[in-house]
Amino acid sequence: AQSVTQLDSQVPVFEEAPVELRCNYSSSVSVYLFWYVQYPNQGLQLLLKYLSGSTLVKGINGFEAEFNKSQTSFHLRKPSVHISDTAEYFCAVSDEGSGNTGKLIFGQGTTLQVKP
Amino acid sequence: DAGVIQSPRHEVTEMGQEVTLRCKPISGHDYLFWYRQTMMRGLELLIYFNNNVPIDDSGMPEDRFSAKMPNASFSTLKIQPSEPRDSAVYFCASRHSGRAYEQFFGPGTRLTVL
């Protein structure tokens with residue numbers, strides 16, 4: 001069975017500092033990986049996704065993530081955060097075995113708190 | 001495009017009452033997902049539909065929960081009778097089978113059962 005572990009429940013960081021949100025997954029098959037962001041009182045919005053190809057994936061709002069198959073990780077990074085990046089971030093996985101359903105398994109989420 | 005629409009945005013009810021949550025997916029999307037989000041359990045998939053047909057309801061917690069999709073533009077999630085432990089934010093999401101795996105989420109319904 002697949003699972004996703006987000007290693008930090010909260011990440012406080014000062015504005016303009018770099019940040020990394022960690023995500024590890026467990027799966028016996030090839031996977032597709034995603035990061036979603038949830039702003040307060042809103043639904044989830046896709047930040048970026050890895051399906052195949054280059055292991056470095058760029059997303060919206062200056063975020064990027066790197067797929068590391070040997071370490072089964074998909075960490076999210078941003079070189080300089082803004083106050084507006086304060087939100088909950090979710091890592092998710094979907095395996096090729098799920099066919100075309102796009103069924104996702106989500107991690108527990110990481111709260112990014114950007115301080116001025 | 002209006003995005004995924006959910007109603008109501010907030011619902012407060014008393015234990016034992018019936019609750020109906022509604023979702024309008026994005027036009028043209030052929031998959032619809034219902035999720036529940038709580039502090040304790042995070043984001044859980046309850047059920048999903050493909051072309052209005054329920055495909056996997058293994059996440060539905062109990063018989064008190066039921067979901068329907070009578071047509072491509074409307075789905076409901078019903079809880080009868082409701083219990084305080086059902087308090088959560090319920091999200092609906094939709095996607096098009098031609099767009100690899102990107103799910104579009106609605107704003108959610110915050111349910112409080114007293």
Side-chain angles (χ1 to χ4, degrees), chain A residues 1-10 21 23 25 27 29-53 57 59-60 65 67 74 87-111, chain B residues 1-10 21 23-26 29-51 53-60 88-111:
Chain A
Q2 295 172 292
S3 66
V4 178
T5 302
Q6 292 184 239
L7 299 165
D8 307 292
S9 60
Q10 293 188 5
L21 306 183
C23 172
Y25 68 92
S27 176
V29 297
S30 297
V31 296
Y32 302 139
L33 294 155
F34 308 80
W35 276 99
Y36 280 81
V37 60
Q38 184 181 25
Y39 298 105
N41 300 313
Q42 295 186 27
L44 280 69
Q45 177 184 358
L46 182 67
L47 265 181
L48 49 78
K49 62 187 175 188
Y50 171 79
L51 304 181
S52 65
V57 181
I60 62 172
F67 170 57
F74 190 56
E88 187 89 8
Y89 291 80
F90 292 92
C91 181
V93 62
S94 178
D95 68 62
E96 288 184 314
S98 67
N100 194 32
T101 67
K103 181 179 175 180
L104 298 175
I105 306 298
F106 285 88
Q108 287 292 96
T110 297
T111 300
Chain B
D1 196 327
V4 176
I5 299 172
Q6 291 187 248
S7 64
R9 291 294 310 277
H10 302 274
L21 310 181
C23 175
K24 177 179 170 57
I26 292 173
H29 283 194
D30 48 356
Y31 282 89
L32 185 139
F33 304 81
W34 281 101
Y35 292 90
R36 178 172 68 176
Q37 185 180 37
T38 62
M39 290 292 293
M40 292 298 295
R41 301 176 66 90
L43 199 61
E44 305 172 274
L45 176 65
L46 300 177
I47 185 172
Y48 75 91
F49 296 82
N50 177 220
N51 291 322
V53 177
I55 303 300
D56 183 353
D57 65 354
S58 59
M60 295 286 263
V89 181
Y90 291 82
F91 288 104
C92 176
S94 70
R95 67 173 283 261
H96 187 283
S97 55
R99 288 199 62 172
Y101 294 88
E102 180 171 359
Q103 294 186 19
F104 294 81
F105 282 75
T109 295
R110 183 174 295 277
L111 173 65

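Fair warning: this is a prediction, and the values are worked out from it, not measured in the lab. Residue numbers start from 1 in every chain, and the chains themselves are labelled A, B, ... in the order their sequence lines are given, proteins ahead of strands.
- The shortest distance between side-chain heavy atoms of B/R110 and A/N41 falls below 4.5 Å.
- Note that CG of A/L46 is 9.5 Å distant from CZ of B/F105, once rounded to the nearest 0.5 Å.
- Distance check, rounded to the nearest 0.5 Å: CG of B/L43 to CD of A/E88 gives 10.0 Å.
- Proximity to chain B (any heavy atom under 4.5 Å) is restricted, for A/Q108, to the side chain, taken from C-beta onward.
- To the nearest 0.5 Å, atoms CZ (B/F33) and CG (A/L104) are separated by 6.5 Å.
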Could you go step by step and tell me if B/Q37 and A/F106 meet the side chain to side chain contact (heavy atoms under 4.5 Å, CB included) rule? CA-CA 11 Å; B/Q37 185 180 37; A/F106 285 88; over 6 Å; no
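- Contact of A/I105 with chain B is not made at all, since no heavy-atom distance falls under 4.5 Å.
- Within the 4.5 angstrom heavy-atom criterion, no atom of B/D30 approaches chain A.
- Neither the backbone nor the side chain of A/Q45 has a heavy atom closer than 4.5 Å to any heavy atom of chain B.
- Only the backbone of B/R41 comes within contact range of chain A, with heavy atoms under 4.5 Å apart.
- Nearest approach of B/Q103 to A/Y36, heavy atoms of both residues: N-OH, 3.2 Å.
- Contacts of B/D57 classified as side-chain hydrogen bond (donor to acceptor under 3.5 Å, both in side chains), with partners at least two apart in sequence or in another chain: none.
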